[in-house]
J.: 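Here it is, the structure in full.
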Amino acid sequence: GPLVVVGGGATGLMAAGQGAAAGARVLLLERMGRLGTKLRITGKGRCNLTNTAEMEDFLARFAFPDRSSDSRFFLRNAFARFFTPDLIAFFENQGVPLVVERGGRVFPASNDAQQVAGALARFAVDNGVQIRLRSRVTQLLCDGNRVGGVALESGEQLPAGAVIIATGGASYPRTGSSGDGYRLARQVGHT
């Protein structure tokens, strides 16, 4: 089956687009009627993309305080592969010029989060990602210890070679960020 990405926000669009660019068949499922709903309002509609702080400063500021060594190790590995310069280059290659403001905050030069959301959606579509809106995933389908698909609220079941949960947290339910990812992860034993 395809790589199924659950969630059409910034992380889901980037994951889906990168997976498709690497040659995977990708299906992105988004529960809302549009992609990047929360992204479009972030930073008061301006979309603060990242910060130009050095990696050590970034880690000191953003690592999880309750598991600092584990989270720093995880973040250091991820950032070694894709950090601020890579993100800036990615968006500029997608036709989104960026500016750095006080405190090292990075914004689109247009000050328009819509441009950022649009660029991520185009990146996914241009790489061949199949997108289904209004498709809420309610269950991960397991075959033993392996996730082999997803079930939708409609009752439809979709096979998957792999599943990425990119639903965000529970910070803004009106935008679709309602904690679905936590529920899905708990279904398969994550705490």
J.: Does any non-hydrogen side-chain atom of Leu98 lie less than 4.5 Å from one of Phe107?
T.: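 Not in contact.
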J.: Among residues at least two apart in sequence or on other chains, which ones pass salt bridge (charged side-chain N to carboxylate O under 4.0 Å, His left out) with Arg46?
T.: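 Arg46 satisfies salt bridge (charged side-chain N to carboxylate O under 4.0 Å, His left out) with Glu101 only.
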J.: Going from CZ on Arg122 to CG on Leu13, what distance comes out if it is rounded to the nearest 0.5 angstrom?
T.: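 Rounded to the nearest 0.5 Å, the CZ-CG separation comes to 11.5 Å.
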J.: Does any pair with a residue in residues 8-33 pass ring-ring contact (aromatic ring centres under 6.0 Å, His included), and if so which ones, sequence neighbours excluded?
T.: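 Not a single pair qualifies under ring-ring contact (aromatic ring centres under 6.0 Å, His included).
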J.: State, to 0.1 Å, how close Ala10 and Leu39 come at their nearest heavy-atom pair, and which atoms those are.
T.: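 Heavy-atom minimum between the residues: CB-CD2, 4.1 Å.
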J.: Sorted by first residue and then second, give each side chain to side chain donor-acceptor pair (under 3.5 Å) pair with at least one member in residues 85-95; sequence neighbours left out.
T.: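 Found none.
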J.: Measuring from atom OG1 of Thr167 to atom CG of Leu29, what distance do you get when rounded to the nearest 0.5 angstrom?
T.: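 Interatomic distance, Thr167 OG1 to Leu29 CG, rounded to 0.5 Å: 12.0 Å.
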J.: Can you check whether Leu141's main-chain N or O pairs, donor with acceptor, with Gln139's side chain at less than 3.5 Å?
T.: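 Not at all, since once roles are kept as given, no pair shorter than 3.5 Å links the two residues.
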J.: Hey, what do you get for NZ (Lys44) to CG (Asn111), rounding to the nearest 0.5 Å?
T.: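 One gets 12.5 Å once the value is rounded to the nearest 0.5 Å.
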J.: Who are the side chain to side chain contact (heavy atoms under 4.5 Å, CB included) partners of Glu156, not counting sequence neighbours?
T.: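 For Glu156 the side chain to side chain contact (heavy atoms under 4.5 Å, CB included) partners, ignoring immediate neighbours, are Arg132, Leu152, Ser154, Leu158.
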J.: Could I get the full list of side chain to side chain contact (heavy atoms under 4.5 Å, CB included) partners for Pro159, not counting sequence neighbours?
T.: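 Pro159 satisfies side chain to side chain contact (heavy atoms under 4.5 Å, CB included) with no residue once adjacent residues are dropped.
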J.: Take Arg76 and Leu59, measure what side-chain contact (heavy atoms from CB on, under 4.5 Å) needs, and give me the verdict at the end.
T.: CA-CA 7 Å; Arg76 186 181 310 281; Leu59 289 169; 3.5 Å; yes
J.: Among residues at least two apart in sequence or on other chains, which ones pass salt bridge (charged side-chain N to carboxylate O under 4.0 Å, His left out) with Arg134?
T.: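 For Arg134 there are no salt bridge (charged side-chain N to carboxylate O under 4.0 Å, His left out) partners, ignoring immediate neighbours.
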J.: Once rounded to the nearest 0.5 Å, what's the spacing between atom CE of Met32 and atom OG1 of Thr37?
T.: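 So the gap between those two atoms works out to 5.0 Å.
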J.: With sequence neighbours excluded, what pairs up with Ala53 under the side chain to side chain contact (heavy atoms under 4.5 Å, CB included) test?
T.: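 Scan of Ala53 (side chain to side chain contact (heavy atoms under 4.5 Å, CB included), adjacent residues dropped) gives Asn51, Asp57, Phe58.
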J.: Side chain of Ser135, backbone of Leu133: donor and acceptor closer than 3.5 Å?
T.: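 Yes; at least one donor-acceptor contact below 3.5 Å.
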J.: Working to the nearest 0.5 Å, report the span between CZ of Phe83 and CG of Leu75.
T.: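 Phe83 atom CZ to Leu75 atom CG measures 9.5 Å (nearest 0.5 Å).
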J.: Rounded to the nearest 0.5 Å, how far apart are CG of Leu49 and OG1 of Thr84?
T.: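 One finds 10.0 Å between CG of Leu49 and OG1 of Thr84.
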J.: Would you mind writing out the side-chain donor-acceptor pairs for residues 123-131 within the sub-3.5 Å range, not counting sequence neighbours?
T.:
{"from": "Asn127", "atom 1": "ND2", "to": "Phe123", "atom 2": "O", "distance (Å)": "2.9"}

J.: With a 3.5 Å cut-off and sequence neighbours excluded, list the donor-acceptor pairs that the side chains of residues 184-191 form with protein atoms.
T.:
{"from": "Gln187", "atom 1": "OE1", "to": "Leu140", "atom 2": "N", "distance (Å)": "3.1"}
{"from": "Gln187", "atom 1": "NE2", "to": "Thr138", "atom 2": "O", "distance (Å)": "2.9"}

J.: Listing request: all ring-ring contact (aromatic ring centres under 6.0 Å, His included) pairs with a residue in residues 12-53, at least two apart in sequence or in separate chains.
T.: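 As it turns out, there is no ring-ring contact (aromatic ring centres under 6.0 Å, His included) pair with a partner in residues 12-53 once direct neighbours are skipped.
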J.: Scan residues 142-155 for pairs that pass salt bridge (Lys or Arg N to Asp or Glu O under 4.0 Å), counting only residues two or more places apart or in two chains.
T.: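 Listed once each, the pairs are Arg136-Glu153.
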J.: Quick check: does any side chain N or O of Arg105 sit under 3.5 Å from a backbone N or O of Val99, one acting as donor and the other as acceptor?
T.: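 Pair absent, no side-chain N/O of Arg105 close to backbone of Val99.
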J.: Which residues pass the side chain to side chain contact (heavy atoms under 4.5 Å, CB included) test with Asn145, sequence neighbours left out?
T.: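 Expected list: none.
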